[in-house]
Amino acid sequence: MDIRFGKEGNTLIVYLDGEIDHHTSMMIRERIDSRFLMEPVKNILLDFSKVTFMDSAGIGLILGRKSKAASVGGDLKIRNPRPEIRKILKLSKIDSMIV
Amino acid sequence: MKPINKMKIEFWSISANESFARVVAASFAAQLNPSINILADIRTAVSEAVTNAILHGYPDEQGIVQMECTLYPEHIEIVIQDFGKGIDDIEKARIPLYTSRPELERSGMGFTVMETFMDSLEVQSEPNKGTKVIMTKRLI
Ligand SMILES: Nc1ncnc2c1ncn2[C@@H]1O[C@H](COP(=O)(O)OP(=O)(O)OP(=O)(O)O)[C@@H](O)[C@H]1O
Ligand SMILES: [Mg+2]
């Protein structure tokens with residue numbers, strides 16, 4: 001899993017590249033949380049263009065980051081998930097977070 | 001129906017093996033040339049079952065996880081087993097959003113994903129003996 005960051009206004013953009021499972025989610029969580037603290041932002045946009053796999057560990061990761069953003073009055077959105085990831089987002093009833 | 005192929009592996013309950021196990025299961029199933037959507041469903045379901053064995057089956061100690069795949073002319077059966085903690089109340093564990101570990105940011109969607117993405121799911125478990133998850137999926 002490779003992570004890069006960008007910023008647009010008060011939104012932290014997180015470019016994820018690779019697979020999200022229980023194994024990788026621990027590192028992803030730490031990387032996003034420390035960056036979110038450092039930057040003067042309140043929203044998070046997860047760019048899923050290069051995410052090739054995600055299981056329910058990703059759902060926990062997304063909801064955890066959404067509540068971090070909510071704690072400073074912000075929100076979290078998801079961009080460009082591939083169809084099989086869209087399917088699990090839908091099953092978990094969080095596909096409304098897709099922009 | 002008669003099996004046409006079978007394989008069995010075992011590995012340590014280490015989180016790096018989650019991706020290993022799902023790749024192995026999907027490449028075994030690929031022998032019957034299923035669609036990429038079917039293979040994606042298998043990868044996700046196997047990842048859920050193996051992660052549960054590693055995370056919940058062996059929360060404190062390291063143990064062994066087994067995965068057995070049997071190929072039939074039109075479907076695959078995948079059995080994932082641990083010999084760890086076991087589940088007290090299987091019915092409750094299978095309820096969507098139920099998790100015994102909310103502090104770990106678990107969403108409680110694992111069994112729901114397995115159930116939805118596969119054609120059948122059976123869970124057998126006994127406290128302190130372990131858990132066995134049996135899933136099938138039509139491949140063609
Ligand atoms: N192999 C297992 N050994 C012991 N307990 C298990 C096992 N598999 C599942 N469980 C129990 O069943 C519960 C529900 O499992 P499920 O996979 O649905 O959710 P989760 O693992 O808690 O969260 P998520 O999969 O969304 O990250 C777990 O919280 C755990 O208590
Ligand atoms: Mg799980």
Side-chain angles (χ1 to χ4, degrees), chain A residues 1-2 14 16-34 36 44 46 48-71 76 78 80-98, chain B residues 11-23 25-26 34-59 65 80 93-118 135:
Chain A
M1 169 57 68
D2 193 52
V14 184
L16 300 158
D17 185 345
E19 302 191 321
I20 306 177
D21 62 10
H22 158 244
H23 179 68
T24 58
S25 67
M26 302 179 271
M27 177 277 280
I28 300 170
R29 177 172 62 196
E30 274 167 33
R31 292 281 311 276
I32 296 177
D33 286 355
S34 60
F36 187 64
I44 299 174
L46 299 177
F48 265 63
S49 310
K50 291 184 174 167
V51 178
T52 52
F53 175 86
M54 187 182 93
D55 63 18
S56 68
I59 303 298
L61 178 82
I62 291 167
L63 292 175
R65 306 296 67 70
K66 186 181 168 67
S67 66
K68 288 261 155 160
S71 70
L76 179 145
I78 298 162
N80 223 359
R82 50 168 71 194
E84 63 260 35
I85 294 176
R86 207 172 267 270
K87 184 173 170 182
I88 189 167
L89 294 171
K90 190 152 189 231
L91 178 65
S92 311
K93 303 195 168 69
I94 59 170
D95 52 323
S96 58
M97 291 159 70
I98 302 170
Chain B
F11 46 87
W12 286 359
S13 60
I14 288 174
S15 65
N17 286 328
E18 292 155 7
S19 61
F20 168 71
R22 65 181 179 253
V23 167
S35 70
I36 51 165
N37 290 335
I38 290 176
L39 288 177
D41 288 349
I42 291 173
R43 263 199 300 278
T44 311
V46 166
S47 193
E48 297 295 350
V50 168
T51 300
N52 281 353
I54 292 171
L55 189 76
H56 304 300
Y58 303 108
V65 181
I80 290 157
R94 289 180 67 156
I95 294 173
L97 303 178
Y98 171 80
T99 179
S100 56
R101 311 293 300 272
E103 78 283 4
L104 295 182
E105 286 192 352
R106 311 316 301 173
S107 66
M109 287 300 290
F111 279 131
T112 308
V113 168
M114 291 181 242
E115 217 162 77
T116 311
F117 285 29
M118 301 296 272
M135 310 184 277

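Treat the numbers as computed from the prediction; the structure is a model and nothing was measured. Per chain, numbering begins at 1; letters A, B, ... match sequence-line order.
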Taking everything shown except Ile36(B) itself, do over 12 heavy atoms lie less than 6.0 Å from its CD1?
no

Among residues 23-32 of chain A, which residues come closer than 4.5 Å to chain B, judged by heavy atom distances?
His23(A), Met26(A), Arg29(A)

Answer with side chain, backbone, both or neither: which region of [X] has an atom nearer than 4.5 Å to a non-hydrogen atom of chain A?
X	value
Thr99(B)	neither
Asn17(B)	neither
Ala40(B)	side chain
Thr44(B)	both

Heavy-atom closest pair (Ser107(B) atom, Ser56(A) atom, distance to 0.1 Å) is OG-O, 3.5 Å

For the [atom1] atom of [X] and the [atom2] atom of [Y], what is their distance to the nearest 0.5 Å?
X	Y	atom1	atom2	answer
Phe117(B)	Leu91(A)	CZ	CG	6.0 Å
Glu105(B)	Leu61(A)	CD	CG	6.5 Å
Glu18(B)	Asp55(A)	CD	CG	7.5 Å

Only pairs of heavy atoms separated by less than 4.5 Å count here; which of Arg43(B), Glu48(B), Arg106(B) has the most with chain A?
Glu48(B)

Taking the side chain as C-beta and beyond, is there a heavy-atom pair between His22(A) and Leu55(B) under 4.5 Å?
yes

All side-chain hydrogen bond (donor to acceptor under 3.5 Å, both in side chains) counterparts of Arg22(B), not counting sequence neighbours:
Glu19(A), Asp21(A), Ser47(B)

